[in-house]
J.: 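To start, I am sharing the structure in question, which I have written as structure tokens.
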Amino acid sequence: MESHITVPSHHEKAETEPTEFEKNQKRYQDLIATFPHTKGWRMKGPMIEYGGCWFIQLLLEGCLHAQEFFQARSFDLLICSSLKTGTTWLKALTFAIINRSRFENISNPLLKRNPHELVLYIENEFAFFPQVDALKDEGNTLFSTHIPHGLLPNSVAKSGCKMVYIWRDPKDTFISMWTFLQKQWLDYGPLITLEESFDMFCRGVSLYGPYLDHVLGYWKAYQENPDKILFLKYETVRADPLPYVKRLAQFMGYGFTAEEEKEGVVEKVVNLCSFETLKNLEVNEGDKIREDIPYVHYSNSAYFRKGMVGDWHNHLTPEMAARIDGLMHEKFKGSGLLEHDQ
């Protein structure tokens with residue numbers, strides 16, 4: 001499906017009171033113009049370096065806005081991840097855990113709405129779409145971000161809110177990211193080749209990258225404050241989700257009771273949020289899009305490709321795999337991360 005969806009300028013929108021973001025956007029753009037730029041994975045989408053990490057223009061504007069205005073509260077939960085590491089699944093699980101007493105399985109909003117519509121990014125919806133339901137609901141405590149740990153809003157640390165971080169084998173992360181970007185609707189020009197993208201990924205030039213630094217930043221934060229950060233690995237949770245979903249619920253303050261476990265509530269949450277269940281829902285099929293915002297960059301189905309472990313075997317040569325494995329072992333050496341059982 002070809003679609004050239006661009007972000008409307010303030011003048012193209014209906015005459016309404018400008019949002020907090022719109023009041024500050026020009027200031028962000030002027031600041032970003034002074035940052036280092038390099039070619040991106042798409043011909044018309046340059047990468048911009050900020051704080052040792054790489055962004056595209058829109059998301060960096062959103063990041064700067066979140067740093068300035070997002071006010072985390074002590075009871076909030078922030079779902080943190082890099083791109084394509086299990087974010088959609090983790091959003092579904094956290095939403096289902098928190099709301100399990102509010103909804104019967106058949107009435108759960110996850111059956112009618114994409115998880116990204118229910119758990120919002122602080123560098124995306126918070127900046128660009130402050131009118132959406134979850135942001136207007138003061139009872140909502142779930143937020144998410146791809147922002148590296150060192151660039152999180154100061155309010156996150158000050159509030160003492162909890163965070164859950166999920167990471168994934170960088171080989172599968174790269175393949176998932178490259179195939180995901182092929183489904184993007186923004187008119188940023190053609191995607192560069194897999195080989196070129198892989199080289200840039202290995203050199204750290206990828207959205208919210210360097211990826212390995214992103215993982216290591218949250219790992220170090222977890223080591224310093226394990227009561228406030230739950231650190232998960234996609235492959236481990238995928239292999240045996242039940243104990244990790246129980247651990248996740250306990251960490252969030254919504255632990256399953258013995259009665260719930262006896263009644264199979266944990267299994268129901270796992271099944272409701274499974275890749276197979278979510279992918280085959282009508283809302284996540286074909287070209288359906290979320291309807292709570294005026295423009296989108298991806299169809300809902302783009303967030304559900306395979307979800308499998310080891311798909312990189314179908315795309316990367318042994319030499320490419322060896323290169324990225326070598327980089328990972330060098331980066332994580334001595335950190336204890338590779339020995340972590342999560």
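No hydrogens, no waters, no symmetry mates; every other heavy atom, side chains included, goes into these values.
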J.: Is there a donor-acceptor contact under 3.5 Å linking the side chains of H116 and T88?
T.: yes
J.: Inspect the contact between E330 and K333 and indicate whether a charged nitrogen and a carboxylate oxygen are less than 4.0 angstrom apart.
T.: yes
J.: The criterion is side chain to side chain contact (heavy atoms under 4.5 Å, CB included); which residues satisfy it with C80, sequence neighbours excluded?
T.: L78, T145, M163, Y165, Y218
J.: So R238 and R168, do their side chains get closer than 4.5 Å, heavy atoms only?
T.: no
J.: Please determine, by modelled atom types, if W167 and T85 share a side-chain donor-acceptor pair under 3.5 angstrom.
T.: no
J.: Are L151 and L31 connected, step by step, through hydrophobic side chains (Ile, Leu, Val, Met, Phe, Trp, Tyr) whose heavy atoms are closer than 4.5 Å?
T.: yes
J.: Just do the salt bridge (charged side-chain N to carboxylate O under 4.0 Å, His left out) check on E260 and R100 with the steps written out, would you?
T.: CA-CA 11 Å; E260 284 181 313; R100 67 182 185 271; 2.8 Å; yes
J.: Taking the six-membered ring for Trp, are F174 and F198 ring centroids under 6.0 Å apart?
T.: yes
J.: Using a strict 4.0 Å threshold on nitrogen-to-oxygen distance, state whether E261 and K246 make a salt bridge.
T.: yes
J.: Hydrogens and angles aside, do K220 and S335 bring a side-chain donor and acceptor to less than 3.5 Å of each other?
T.: no
J.: Quick test of your reading of the model: are K162 and D227 salt-bridged, counting only N-O distances below 4.0 Å?
T.: no
J.: Are the side chain of S155 and the backbone N or O of A72 linked by a donor-acceptor pair below 3.5 Å?
T.: yes
J.: Does the side chain of S81 pick up a donor-acceptor pair with the side chain of T87 at under 3.5 Å?
T.: yes
J.: Measure the shortest side-chain to side-chain distance between F129 and T19 over non-hydrogen atoms and say whether it is less than 4.5 angstrom.
T.: no
J.: Could you state the interatomic distance from OH (Y222) to CD1 (I229), rounded to the nearest 0.5 Å?
T.: 9.5 Å
J.: My understanding is that only one of L118, I79, L90, N140 makes a side-chain contact (heavy atoms from CB on, under 4.5 Å) with F95; could you say which?
T.: L118
J.: Any sub-3.5 Å donor-acceptor pair from E61's side-chain atoms to L58's backbone N or O?
T.: no
J.: Tell me if a side-chain donor or acceptor on E123 pairs with a main-chain N or O of H146 at a distance below 3.5 Å.
T.: yes
J.: Would you check if N314 and I175 make a side-chain contact, meaning some heavy-atom pair closer than 4.5 Å?
T.: no
J.: Given side chains that start at C-beta, do those of Y211 and M177 come closer than 4.5 Å, heavy atoms only?
T.: no
J.: As a quick check of understanding, evaluate salt bridge (charged side-chain N to carboxylate O under 4.0 Å, His left out) for E195 and R323, giving each step before the final call.
T.: CA-CA 13 Å; E195 290 75 17; R323 178 182 177 187; over 6 Å; no
J.: Would you say the side-chain atoms of Y28 and E68 include a donor-acceptor pair closer than 3.5 Å?
T.: yes
J.: For the residue pair F126 and H65, establish whether any side-chain heavy-atom pair is separated by less than 4.5 Å.
T.: yes
J.: Using modelled atom types only, decide if a donor and an acceptor are shared between the side chain of K171 and the backbone of I324 within a distance under 3.5 Å.
T.: no
J.: Which distance, rounded to the nearest 0.5 Å, do you find between the CH2 of W89 and the CG of L278?
T.: 10.5 Å
J.: If we only count heavy atoms from C-beta on, is the V265 to E259 side-chain gap below 4.5 Å?
T.: no
J.: Any side-chain to backbone donor/acceptor pair from T277 onto C273? Under 3.5 Å, distance only.
T.: no
J.: For Q250, does the CD atom sit with more than 12 other heavy atoms under 6.0 Å from it, leaving out its own atoms?
T.: no
J.: In this structure, is the centre-to-centre distance between the rings of Y208 and W54 below 6.0 Å?
T.: no
J.: Please confirm whether the backbone N or O of R73 pairs with a side-chain atom of D76, one donor and one acceptor, at under 3.5 Å?
T.: yes
J.: Taking E125 for its side chain and Y121 for its backbone only, find out whether a donor-acceptor pair lies under 3.5 Å.
T.: yes
J.: With side chains defined as the heavy atoms from C-beta onward, is the minimum distance between V245 and F256 less than 4.5 Å?
T.: yes
J.: Should F75 and I122 be regarded as members of a common hydrophobic cluster, given that ILVMFWY residues are connected when their side-chain heavy atoms come within less than 4.5 Å of each other, either directly or indirectly?
T.: no
J.: At what distance, to the nearest 0.5 angstrom, does SG of C63 lie from CD1 of I56?
T.: 12.0 Å
J.: Got L230 and R247 here, is their nearest side-chain heavy-atom distance under 4.5 Å?
T.: yes
J.: Salt-bridge test for R27 and D30: reply yes if a basic N is under 4.0 Å from a carboxylate O, no otherwise.
T.: no
J.: Whether the side chain of H37 engages the backbone of F35 through a donor-acceptor N/O pair (distance < 3.5 Å, no angle test) should be reported.
T.: yes
